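Here's the structure we're looking at; comments come further down.
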Amino acid sequence: MDIGLIIVGDEILSGRRTDKHLGKVIELLNARDMCLSWVRILGDSPADLVACYRDSFASDALVFSTGGIGATPDDLTRTAVATALNSHTERHPEGAVLLEEFAQKNNRELTPERYRLIEFPAGSELIPNPYNGIPGFKIDHHHFVPGFPEMAWPMMEWVLDTHYPTLGNDKQCEHSLFIQGASESRIIPVMESIQISFMDVKTFSLPILGDNPRIELGVKGPQLQAKYAFDEMKKILSAEKIEWLRN
């Protein structure tokens with residue numbers, strides 16, 4: 001299963017805030033033998049958000065989306081998700097109970113605007129928020145959490161451990177070697193051959209410049225398939241008389 005991350009907020013694109021989610025999500029996934037497949041960073045544009053969510057819902061990916069689920073007019077995520085699903089938002093009854101508990105505990109007035117915090121696309125499930133109790137939401141392998149790291153990170157951990165506890169069993173591995181004295185054009189056929197033979201494995205080529213120029217060539221994918229693909233890569237390199245050194 002591909003895993004994607006959508007980071008929402010004009011403040012990220014303008015530089016008013018620096019994203020902290022990408023590195024943390026990679027860390028959370030790697031700790032569970034999972035890998036991030038893609039990331040998209042979007043501003044607070046309804047059209048862009050709807051288009052992005054339509055694409056991601058059309059895939060089979062597990063997706064985390066951070067930001068845009070507050071109660072102010074620039075928090076557009078929940079409406080964009082509902083539009084992408086040809087649905088609508090509605091007040092979540094369990095979410096309303098949690099919001100009311102939060103308001104009572106913190107002596108806050110519950111205005112109609114505050115109730116927007118628990119208006120989610122129809123059919124959503126709640127994601128508990130250990131920081132202040134105001135939940136995020138989950139729908140169709142998509143998981144929506146606030147932009148605040150203090151809230152988002154434990155919420156994403158909860159999602160992984162509660163809904164996808166065995167997803168990392170097919171451990172992702174990476175193997176590589178170094179090639180000196182050969183151009184990238186010589187190794188392109190090698191990479192293409194591996195990708196044809198091992199559909200679940202990706203190949204990569206990383207040129208390294210400087211006093212000791214070389215190319216790091218490798219494979220990554222499910223543990224067993226990556227091992228077989230790497231063994232085959234070494235055989236092809238030897239047959240083509242391309243010298244290599246282990247990483």
Side-chain angles (χ1 to χ4, degrees), residues 2-31 34-57 59 61-85 89 91-92 95 98-99 102-103 105-121 124 126-139 141-160:
D2 284 347
I3 303 176
L5 172 64
I6 300 172
I7 300 166
V8 178
D10 281 346
E11 66 276 11
I12 302 298
L13 296 177
S14 70
R16 292 195 306 277
R17 296 286 187 275
T18 299
D19 171 65
K20 297 179 180 179
H21 295 301
L22 176 57
K24 185 62 177 182
V25 168
I26 291 172
E27 176 187 318
L28 293 176
L29 293 175
N30 289 351
M34 305 178 199
C35 291
L36 186 66
S37 304
W38 52 264
V39 60
R40 297 175 186 170
I41 301 176
L42 299 173
D44 300 313
S45 162
D48 290 345
L49 289 169
V50 170
C52 178
Y53 291 129
R54 277 183 176 152
D55 286 345
S56 63
F57 277 114
S59 73
L62 185 169
V63 176
F64 287 105
S65 178
T66 68
I69 65 170
T72 57
D74 58 337
D75 288 310
L76 307 173
T77 295
R78 58 171 60 82
T79 302
V81 171
T83 302
L85 292 171
T89 61
R91 184 177 296 183
H92 196 289
L98 293 172
L99 181 64
F102 168 82
K105 180 179 179 181
N106 294 277
N107 196 27
R108 300 283 185 86
E109 179 185 0
L110 275 181
T111 64
E113 289 78 16
R114 285 193 181 275
Y115 272 105
R116 292 176 187 168
L117 289 167
I118 46 82
E119 292 176 358
F120 301 137
S124 294
L126 299 184
I127 299 175
N129 180 345
Y131 186 85
N132 63 8
I134 300 175
F137 66 98
K138 168 187 182 298
I139 188 166
H141 292 302
H142 281 54
H143 312 82
F144 300 87
V145 297
F148 300 105
E150 304 91 331
M151 302 180 190
W153 296 353
M155 293 170 76
M156 290 189 283
E157 283 196 271
W158 180 87
V159 166
L160 291 170

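Everything numeric in this text was worked out from a predicted model, so none of it was measured.
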Distance check, rounded to the nearest 0.5 Å: W158 atom CH2 versus K138 atom NZ?
8.5 Å
Quick check against the 3.5 Å criterion: does D2 have a side-chain atom that pairs as donor or acceptor with the backbone of A61?
no
Begin from the C-alpha positions of V159 and F64 and carry the test side-chain contact (heavy atoms from CB on, under 4.5 Å) through to its verdict.
CA-CA 10 Å; V159 166; F64 287 105; 3.8 Å; yes
Check step by step if side-chain contact (heavy atoms from CB on, under 4.5 Å) holds for L5 and T66.
CA-CA 8 Å; L5 172 64; T66 68; 4.2 Å; yes
Taking all non-hydrogen atoms of both residues into account, name the closest pair between L76 and S45 and its distance.
CD1-N, 4.3 Å
For R116 and E119: C-alpha separation, side-chain torsions, deciding distance, then whether salt bridge (charged side-chain N to carboxylate O under 4.0 Å, His left out) applies.
CA-CA 5 Å; R116 292 176 187 168; E119 292 176 358; 5.6 Å; no
Side chain to side chain contact (heavy atoms under 4.5 Å, CB included) with L98: of I134, L126, L117, N132, only one passes, and it is L126
Under the 6.0 Å and 45° cation-pi test, does R91 pair with Y115?
yes
Would you name the heavy atoms of P135 and F120 that are closest together and state the gap between them?
O-CZ, 3.6 Å
Would you compute the distance between atom CG of L160 and atom CE of M155 and round it to the nearest 0.5 angstrom?
12.5 Å
Can a donor-acceptor pair be found, under 3.5 Å and without considering hydrogens, that links the side chain of R78 to the backbone of G70?
yes
D75 side chain to T72 main-chain N or O, any donor-acceptor pair under 3.5 Å?
yes
Applying side chain to side chain donor-acceptor pair (under 3.5 Å), run through H142 and S56 and close with a yes or a no.
CA-CA 9 Å; H142 281 54; S56 63; 2.8 Å; yes
Which pair of non-hydrogen atoms, one from C35 and one from L29, has the smallest distance, and what is that distance?
C-CD1, 4.0 Å
Correct closest heavy-atom pair for P149 and P154 would be O-CD, 3.9 Å
Note: L22 and D19 closest approach over all heavy atoms is N-OD2, 3.1 Å
Working to the nearest 0.5 Å, report the span between CE of M156 and NZ of K24.
9.0 Å
Less than 4.5 Å apart, side chain to side chain, heavy atoms only: is that true for W38 and V63?
yes
One should read off an interatomic distance between D44 CG and D10 CG, to the nearest 0.5 angstrom, of 4.0 Å
Value for CZ (R40) from CG (L49), rounded to nearest 0.5 Å, stands at 12.0 Å
Before giving the answer on side-chain contact (heavy atoms from CB on, under 4.5 Å), spell out for H143 and L62 the whole-Å C-alpha distance, their side-chain angles and the decisive distance to 0.1 Å.
CA-CA 8 Å; H143 312 82; L62 185 169; 4.0 Å; yes
Could you walk me through whether E157 and L28 pass the side-chain contact (heavy atoms from CB on, under 4.5 Å) test, one step at a time?
CA-CA 7 Å; E157 283 196 271; L28 293 176; 3.4 Å; yes
Decide if atom CZ of F57 counts as having more than 12 heavy atoms of other residues, nucleotides or ligands within a radius under 6.0 Å.
yes
Mind telling me whether Y53 and F144 have parallel, tilted or perpendicular rings, with 30° and 60° as the class edges?
perpendicular
Rounded to the nearest 0.5 Å, what's the gap from CG on L110 to CG on L99? Could you check?
5.0 Å
Can you name the nearest heavy-atom pair linking S65 to T77, along with the distance?
OG-CG2, 4.4 Å
